[in-house]
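The structure appears right after this line, and notes come after that.
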Amino acid sequence: AGMKFVLQYVGCFFAFFSTGFLIISTWTDCWMVNADDSLEVSTKCRGLWWECVTNVFDGIQTCDEYDSIYAEHSVKLVLTRAMMITADILSGFGFLFLILGLDCVKFLPDEPLIKLRICLVSGVMLLLAGLPGITGSVWYAVDVYVERSSLLFHNVFLGIQYKFGWSCWLGMAGSLGCFLSGSLLTCCMYLFRETSSGRLHPAYPLRKGYSSAVTVVTNAHLPSSQTATSKMYAVDTRV
């Protein structure tokens, strides 16, 4: 039981931070950051929804939001948006299910097997959340790196060159955390399935044995004539 609690809390810890990292990564503006030399007087960051420029001297930040979601965007931007939003939704629901499945939460306290199944469902959802999260963030980062490397290889300078920023790193970290927490909840918690199912009806054999013992004790206190008469009456009743 102690090991089960530890697994639940460790899985909950990673699920909480992984979900937060994915949400922060999706809605922040530094998926790409300028990779120019130190002579630049501003830091330029591009996110999935807007682009921001921060002055390095006074710290003033100005942001330009991208065109409408229905406007034409690059395939990289559209697919990354879709995958990160999917990861946010799956990880969020997975974390909520995990909260309901914790033994310390007073939800279905007399149904340990159902709570265990809730934890397993949570683990599957977290694993599914990690797949689009890691795909979107790694693909975006690789695409940025390949684009920059090709420009450098062909000696092409467009004024601003980018590398992937901390928002992209958060997306990767959140996705890996979802894989870790999901693996703990599905693989390790599955080992406790037999234990929990055995605790569903523990009183049945005891109750059966107790009723048999009561019958024996009751018959022991009855005279033999009354016992025989009772047996004859029971036979006649069945007939």
Side-chain angles (χ1 to χ4, degrees), residues 1-31 47-49 76-144 164-200:
M3 188 61 182
K4 180 181 177 182
F5 291 152
V6 171
L7 288 175
Q8 283 184 343
Y9 292 137
V10 171
C12 185
F13 173 82
F14 282 107
F16 173 76
F17 283 100
S18 300
T19 303
F21 286 169
L22 286 175
I23 294 175
I24 294 174
S25 172
T26 304
W27 301 103
T28 49
D29 55 12
C30 207
W31 280 73
L48 302 180
W49 310 97
K76 173 183 67 176
L77 184 64
V78 174
L79 290 182
T80 305
R81 282 178 178 178
M83 286 186 285
M84 294 306 297
I85 291 176
T86 302
D88 293 345
I89 295 173
L90 288 174
S91 61
F93 277 108
F95 177 69
L96 292 178
F97 272 95
L98 177 56
I99 293 297
L100 295 178
L102 293 177
D103 290 340
C104 61
V105 177
K106 294 183 179 179
F107 176 75
L108 299 175
D110 299 326
E111 299 291 344
L113 184 57
I114 294 179
K115 289 180 73 71
L116 181 63
R117 287 174 178 172
I118 292 175
C119 288
L120 292 175
V121 171
S122 171
V124 172
M125 295 185 72
L126 288 169
L127 286 174
L128 293 177
L131 186 60
I134 196 68
T135 304
S137 55
V138 170
W139 178 56
Y140 192 96
V142 170
D143 187 72
V144 171
F164 49 93
W166 59 269
S167 296
C168 192
W169 284 110
L170 275 185
M172 297 181 196
S175 302
L176 293 176
C178 284
F179 281 127
L180 181 58
S181 58
S183 300
L184 285 174
L185 294 172
T186 52
C187 301
C188 299
M189 292 297 292
Y190 186 79
L191 301 175
F192 296 97
R193 183 175 61 90
E194 296 296 333
T195 305
S196 297
S197 61
R199 282 162 40 191
L200 275 180

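Index from 1, following the sequence. Please read these numbers as outputs of a predicted model, since none were measured by experiment.
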- [ ] Grab the two heavy atoms, one from Ala129 and one from Ser91, that are nearest each other, plus how far apart they are.
- [x] CB-N, 3.5 Å
Task: Which atom of Ala15 lies closest to which atom of Leu126, heavy atoms considered - done: CB-CD1, 3.8 Å
Open item on the list: Around atom CH2 of Trp166, are there more than 12 heavy atoms from other residues, nucleotides or ligands closer than 6.0 Å?
Closed with: yes
Open item on the list: Quick check: closest heavy atoms across Ala141 and Met172, and the distance to 0.1 Å?
Closed with: CB-CE, 3.5 Å
- [ ] Please determine which of Leu128, Val121, Leu120 meets the side-chain contact (heavy atoms from CB on, under 4.5 Å) test together with Val124.
- [x] Leu128
Task: Nearest atoms (heavy-atom pairs only) where Leu22 meets Cys178 - done: CD1-SG, 3.7 Å
Open item on the list: Would you compute the distance between atom NZ of Lys76 and atom CG of Asp143 and round it to the nearest 0.5 angstrom?
Closed with: 4.5 Å
Task: Rounded distance [0.5 Å steps], CZ in Phe16 versus CZ in Phe95 - done: 6.0 Å
Open item on the list: So, taking the atom named OG1 in Thr28 and the one named CG in Leu48, what distance separates them when rounded to the nearest 0.5 Å?
Closed with: 8.0 Å
Open item on the list: Return the CD1 to CD distance between Ile99 and Gln8, rounded to the nearest 0.5 Å.
Closed with: 10.0 Å
Task: Minimal non-hydrogen separation, Thr86 against Pro132, with atom names - done: CG2-CG, 4.3 Å
TODO: Begin with the C-alpha distance, continue with both residues' side-chain angles, and end with the deciding distance and a verdict on ring-ring contact (aromatic ring centres under 6.0 Å, His included) for Phe13 and Tyr9.
DONE: CA-CA 6 Å; Phe13 173 82; Tyr9 292 137; over 10 Å; no
Task: Nearest-0.5 Å distance that lies between atom CG in Leu127 and atom OG in Ser122 - done: 9.5 Å
TODO: Looking only at non-hydrogen atoms, find the nearest pair between Cys119 and Leu98 and report the distance.
DONE: SG-CD1, 4.2 Å
Open item on the list: Tell me if the aromatic rings of Phe97 and Phe93 count as close, with their centers under 6.0 Å from one another.
Closed with: no
Open item on the list: What's the separation between atom CZ in Phe21 and atom CZ in Phe14, rounded to the nearest 0.5 Å?
Closed with: 10.5 Å
- [ ] Would you check if Trp31 and Val144 make a side-chain contact, meaning some heavy-atom pair closer than 4.5 Å?
- [x] no
TODO: Without swapping roles, check the side chain of Trp49 against the backbone of Thr26 for a donor-acceptor pair under 3.5 Å.
DONE: yes
